[in-house]
*Asks:* 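Starting off with a structure, shown below.
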Amino acid sequence: MEPVTIRELYAQKENYLNKKVQINGWVRTVRSSKTFGFIELNDGTFFSNLQVVYDESLPNYKEVAKLGAGSSIRVSGQVVESPGAKQSFELKAATIEIEGLASADYPLQKKRHTFEYLRTIAHLRPRTNTFSAVFRVRSVAAYAIHKFFQERDFIYVHTPIITGSDAEGAGEMFRVTTLDFDKTPRNEQKEVDFTKDFFGKETNLTVSGQLEGESYCMAFNKIYTFGPTFRAENSNTPRHAAEFWMIEPEIAFADLSDNMKLAEDMLKSTISYVLEHCSEEMNFFNSFVDKSLLDRLGNIVRAKFGHITYSEAIEILKKSGERFEYPPEWGFDLQTEHERYITENHFGKPVFVTDYPKEIKAFYMRMNDDDRTVAAMDLLVPGVGEIIGGSQREERLEVLEKRIDELGLNKEDYWWYLDLRKYGGARHAGYGLGFERLIMYLTGMTNIRDVISFPRTPKNAEF
RNA sequence: UCCUCGAUAGCUCAACGGUAGAGCAACCGGCUGUUAACCGGUAGGUUGUAGGUUCGAAUCCUACUCGGGGAGCCA
């Protein structure tokens with residue numbers, strides 16, 4: 001008999017009622033009495049469990065009654081209406097074969113565990129309600145993002161993970177090397193001689209695929225990347241990880257407002273898709289993680305995102321009457337407390353903040369006509385903060401070269417990036433979306449370590 | 001990296017200078033429709049590590065390690 005999944009049972013209950021089926025899955029709990037008992041079975045395909053009823057007619061009744069949580073079993077039997085209040089149908093077991101026992105020290109209990117504890121058993125936590133919901137949403141959201149871009153004729157570009165460019169400008173990098181640390185080759189100046197290294201030069205893990213993405217944008221018009229990114233920042237916060245996934249679209253013949261339109265459409269489309277396709281998971285989050293989640297996400301899909309310039313934001317903050325730890329001042333970056341005030345108190349919805357002072361933004365962002373701000377945009381969302389950062393890129397070769405000089409950067413390092421402006425450079429814009437931050441926003445989970453399977457953070461690379 | 005709070009049984013917590021406890025899990029037994037099942041019993045601890053104060057330290061002090069929250073860096 002072909003095994004059926006619990007997802008199929010829930011989706012087409014009528015087709016299976018009073019039919020014989022086989023289900024393979026893992027035991028969540030067993031409740032046994034003298035002559036019969038119940039098993040909560042989860043097969044990984046659906047958020048809800050299947051209740052299996054068994055009795056002493058099973059030849060291995062005694063072993064089944066003693067099954068511990070976590071054990072894997074194969075159950076054959078008939079799908080029947082359930083008299084119980086908590087499920088409409090159940091599986092009346094004819095046979096239960098034990099595939100693999102879980103020993104008595106199985107660390108997951110029926111009781112609620114803290115997320116901190118579950119992080120120490122990250123290899124087992126996908127078997128819990130919360131993490132099964134998180135990682136199904138993560139998978140569906142990833143699909144929704146690909147679907148969004150593919151349907152709009154964006155080309156999915158795989159930018160390199162090992163980069164020879166040490167000038168991506170987005171943070172501290174992890175070095176990639178095959179050199180022997182005990183006897184590193186040195187040149188005459190006693191510096192490490194990277195010409196002896198695997199690539200013959202210094203290489204690192206990428207902190208952003210943007211620069212390479214721009215190159216493909218100048219060929220395909222609309223591209224996106226979706227891949228892992230690495231930052232060696234000593235950031236100890238619930239919103240930062242050393243390894244995380246980022247989506248970076250780049251569009252040609254487009255300006256900052258096209259860019260924001262794209263970002264807004266993408267977010268709304270992704271949220272709608274997840275709400276529609278993960279209703280059990282989303283209801284679970286709304287009940288047990290964040291009671292305002294569904295209201296908030298529903299509002300986002302319907303709302304028009306706010307738009308203000310950095311300069312307007314500073315004025316709003318100054319007039320707010322709020323006592324900020326860091327008083328808002330033009331020319332200084334917005335503090336977390338400022339961003340929270342803008343998005344949570346002043347607007348109560350996602351807000352694009354645009355046109356930041358050039359001093360606090362990256363060299364590649366397009367200079368505005370005022371010569372003091374650049375065409376940058378950050379999207380701030382309630383609860384999570386900055387979820388998207390992007391800009392219109394500087395397409396004018398001489399302006400870009402001037403900016404590189406002003407910032408004391410080395411033009412040779414950007415030779416191929418400057419070529420893109422030299423050979424048919426076009427206006428273009430793009431942004432980076434932190435995928436984990438999107439998942440936090442979608443699920444209400446408050447720690448990035450709980451929305452990535454095996455989180456890498458400072459001092460933590462177990463598993 | 002800075003500030004702040006914390007670490008006691010497998011898990012979640014109590015004991016707040018004077019004999020380390022409970023619930024759950026585990027183990028043994030009972031129970032004819034349970035659903036965080038229920039009832040009875042058993043076992044489980046150098047109180048994160050290293051020092052110090054004290055007649056006496058889980059409790060007070062110092063350092064370190066790890067974790068939470070906040071900040072910076074950002075996505």
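In what follows, chains are A, B, ... by sequence order, proteins preceding strands, each numbered from 1. Just so it is clear, the values below take in all heavy atoms, side chains as well, and ignore hydrogens, waters and symmetry mates.
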*Asks:* Just how far, in rounded Å, is P of B:rC74 from CE of A:Met246?
*Replies:* 13 Å
*Asks:* By nearest atom, which of the nucleotides B:rC27, B:rU34, B:rG10 is closest to the A:Ala104 side chain?
*Replies:* B:rC27
*Asks:* Could you tell me the separation between the CZ atom of A:Arg31 and the P atom of B:rA25, rounded to a whole number of Å?
*Replies:* 12 Å
*Asks:* On a whole-Å scale, what distance lies between the C1' atoms belonging to B:rA43 and B:rG10?
*Replies:* 13 Å
*Asks:* What nucleotide, of B:rC73, B:rU12, B:rC74, holds the atom closest to the side chain of A:Tyr117?
*Replies:* B:rU12
*Asks:* Side-chain N or O of A:Lys66 versus OP1/OP2 of B:rC27: is the shortest distance under 4.0 Å?
*Replies:* no
*Asks:* What is the distance, to the nearest angstrom, from the CG atom on A:Asn234 to the P atom on B:rA71?
*Replies:* 16 Å
*Asks:* Expressed as a whole number of angstroms, how long is the span from A:Glu243:CD to B:rC74:C1'?
*Replies:* 17 Å
*Asks:* CE of A:Met173 versus P of B:rC74: gap in Å, rounded?
*Replies:* 15 Å
*Asks:* Take a 6.0 Å sphere around OH of A:Tyr216 and say whether it holds more than 12 heavy atoms from other residues, nucleotides or ligands.
*Replies:* no
*Asks:* Could you tell me whether A:Glu325 contacts a base, only the sugar-phosphate backbone, or nothing, with contacts defined as non-hydrogen atoms closer than 4.0 Å?
*Replies:* nothing
*Asks:* So does A:Arg239 reach the base of B:rA75 with its side chain, donor to acceptor, closer than 3.5 Å?
*Replies:* no
*Asks:* Please give the nucleotide sitting opposite B:rC38 as a Watson-Crick or G-U wobble pair, both distances under 3.5 Å, or none.
*Replies:* B:rG30
*Asks:* Could you walk me through whether A:Asp265 and A:Arg152 satisfy the salt bridge (Lys or Arg N to Asp or Glu O under 4.0 Å) test, starting with their C-alpha distance in whole Å, then the side-chain angles of each, then the deciding distance to 0.1 Å, before giving a yes or no?
*Replies:* CA-CA 11 Å; A:Asp265 288 348; A:Arg152 284 161 184 76; 5.6 Å; no
*Asks:* Would you mind classifying the nucleic acid contact of A:Arg340 as base, sugar-phosphate or nothing, using non-hydrogen atoms under 4.0 angstrom?
*Replies:* nothing
*Asks:* Return the value, rounded to whole Å, for the distance between atom OH of A:Tyr356 and atom C1' of B:rC74.
*Replies:* 12 Å
*Asks:* Let me know the distance between CG of A:Asp105 and P of B:rA25, rounded to the nearest Å.
*Replies:* 16 Å
*Asks:* Would A:Lys13 pass as a cation-pi partner of A:Phe89, given that its NZ or CZ must be under 6.0 Å from the six-membered ring centre and within 45 degrees of the axis?
*Replies:* no
*Asks:* Using atom C1' in both nucleotides, what's the gap between B:rA9 and B:rA58 to the nearest angstrom?
*Replies:* 14 Å
*Asks:* Sort out the partner of B:rC66 for me: Watson-Crick or G-U wobble, both distances under 3.5 Å, none otherwise.
*Replies:* B:rG6
*Asks:* Closest to the A:Ser33 side chain: B:rG68, B:rC31, B:rC74?
*Replies:* B:rC31
*Asks:* Applying a 4.0 Å non-hydrogen cut-off, can you work out what A:Thr114 is touching in the nucleic acid: base, sugar-phosphate, or nothing?
*Replies:* sugar-phosphate
*Asks:* Using the C1' atom as the point on both nucleotides, what is the distance between B:rU65 and B:rA50, in whole Å?
*Replies:* 11 Å
*Asks:* Can you confirm whether more than 12 heavy atoms, excluding those of A:Phe454, are under 6.0 Å from its CZ atom?
*Replies:* yes
*Asks:* What integer number of Å spans the P atoms of B:rG72 and B:rC66?
*Replies:* 24 Å
*Asks:* Say you pick atom P in B:rG44 and the same atom in B:rA20; how far apart are they, in whole Å?
*Replies:* 15 Å
*Asks:* Considering only the P atoms, how many Å lie between B:rC24 and B:rU53, rounded to the nearest integer?
*Replies:* 43 Å
*Asks:* When the C1' atoms of B:rC60 and B:rU54 are considered, how many whole Å apart are they?
*Replies:* 9 Å
*Asks:* Please give the distance between the P atoms of B:rC3 and B:rA36 as a whole number of Å.
*Replies:* 46 Å
*Asks:* Which is true for A:Ile247 with a 4.0 Å heavy-atom rule: it touches a base, it touches only sugar-phosphate, or it touches nothing?
*Replies:* nothing
*Asks:* Take atom OH in A:Tyr156; do more than 12 heavy atoms of anything else shown fall under 6.0 Å from it?
*Replies:* yes
*Asks:* Any side-chain N or O of A:Asn236 under 4.0 Å from OP1/OP2 of B:rG68?
*Replies:* no
*Asks:* Nearest 0.5 angstrom please: A:Phe36 CZ to A:Tyr61 OH, how far?
*Replies:* 7.5 Å
*Asks:* Expressed as a whole number of angstroms, how long is the span from A:Lys34:NZ to B:rC28:P?
*Replies:* 18 Å
*Asks:* Report the nucleotide, chosen from B:rG68, B:rU34, B:rU32, that has the shortest atom-to-atom distance to any side-chain atom of A:Phe36.
*Replies:* B:rU32
*Asks:* Keeping the roles fixed (side chain from A:Arg403, backbone from A:Tyr364), state whether a donor-acceptor pair exists under 3.5 Å.
*Replies:* no
*Asks:* Of the nucleotides B:rU12, B:rG68, B:rG69, which has the atom closest to the A:Glu116 side chain?
*Replies:* B:rG68
*Asks:* What contact category does A:Ala69 fall into here, base, sugar-phosphate, or nothing, at under 4.0 angstrom with non-hydrogen atoms?
*Replies:* nothing
*Asks:* So with a 6.0 Å cut-off around CZ of A:Phe288, is the heavy-atom count from everything else above 12?
*Replies:* no
*Asks:* Taking any heavy-atom pair under 4.0 Å as a contact, classify A:Leu108: base, sugar-phosphate, or nothing.
*Replies:* nothing
*Asks:* Any donor-acceptor pair, under 3.5 Å, between the side chain of A:His240 and the base of B:rC74, if you only look at N and O atoms?
*Replies:* yes
*Asks:* Can A:Phe38 be classed as stacking with the base of B:rG33, given a centroid separation cut-off of 5.5 Å and a plane angle cut-off of 30°?
*Replies:* no
*Asks:* So which nucleotide does B:rA71 pair with, by the Watson-Crick or G-U wobble rule with both distances under 3.5 Å?
*Replies:* B:rU1
